Amino acid sequence: MRKLIAFDDDTFDKLKQLARDRMATFQELADEAFADLLKKHGIPIDLRDALRKSARIAAEPAKKPAENGGPTKRLRKAKT
């Protein structure tokens, strides 16, 4: 699938230079950048990643709610 993304000239020139320096294509830079963005937001990038995340969630023990039904609070004694 092809999508059009616009860059200002300076940014595009820097990205082209980075691709040359890393001996990569512009597409490889874009793939890496978008994969990092999805990972940052916790979105699986492929089926294998989704299955790992699902297994990790299923393996976590269920959290116990506080006994009184709300957050615990500490009571401070007033100094007299």
Side-chain angles (χ1 to χ4, degrees):
M1 177 183 316
R2 292 183 176 262
K3 296 291 180 184
L4 181 65
I5 298 175
F7 295 99
D8 61 80
D9 291 336
D10 187 45
T11 301
F12 185 69
D13 291 339
K14 289 177 182 176
L15 289 171
K16 282 193 317 186
Q17 185 61 47
L18 178 62
R20 277 189 228 120
D21 292 346
R22 293 181 58 185
M23 296 176 57
T25 65
F26 187 82
Q27 183 63 53
E28 290 169 335
L29 290 181
D31 290 344
E32 181 182 346
F34 286 115
D36 289 347
L37 181 64
L38 293 172
K39 183 178 178 181
K40 174 183 171 186
H41 291 281
I43 300 169
I45 57 173
D46 58 10
L47 179 59
R48 176 178 274 169
D49 193 30
L51 291 172
R52 269 194 218 115
K53 185 175 181 179
S54 176
R56 199 174 321 127
I57 290 171
E60 290 178 0
K63 294 182 181 179
K64 294 181 182 178
E67 288 180 21
N68 62 0
T72 58
K73 294 181 182 178
R74 289 187 186 177
L75 298 176
R76 291 190 224 172
K77 292 183 179 180
K79 291 184 181 181
T80 53

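Please read all numbers here as calculations on a predicted model, not as lab measurements.
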**Q.** Separation of D31 CG from T25 OG1 (nearest 0.5 Å)
**A.** 7.5 Å
(Q) Tell me whether the count of non-hydrogen atoms from other residues, nucleotides or ligands lying under 6.0 Å of CZ in F34 goes above 12. (A) no
(Q) Nearest 0.5 angstrom please: T11 OG1 to K16 NZ, how far? (A) 12.5 Å
**Q.** Separation between CG of L29 and CG of L18, rounded to the nearest 0.5 Å
**A.** 5.0 Å
Q: Give, for atom CD1 of I43 and atom CG of D49, the distance between the pair rounded to the nearest 0.5 Å.
A: 11.0 Å
Q.
Would you say that more than 12 heavy atoms from the other residues, nucleotides or ligands in this model lie under 6.0 Å from the CG of D21, or not?
A. yes
Q. Can you tell me how far CD of E28 sits from CE of M23, rounded to the nearest 0.5 angstrom?
A. 10.5 Å
Q) With the 4.5 Å side-chain cut-off for hydrophobic clustering, are F7 and L4 part of the same group? A) no
Q. Under 3.5 Å, is there a donor-acceptor pair between the Q17 and D13 side chains?
A. no
Q: Would you please test K14 and D10 for salt bridge (charged side-chain N to carboxylate O under 4.0 Å, His left out) and show each step?
A: CA-CA 6 Å; K14 289 177 182 176; D10 187 45; 3.3 Å; yes
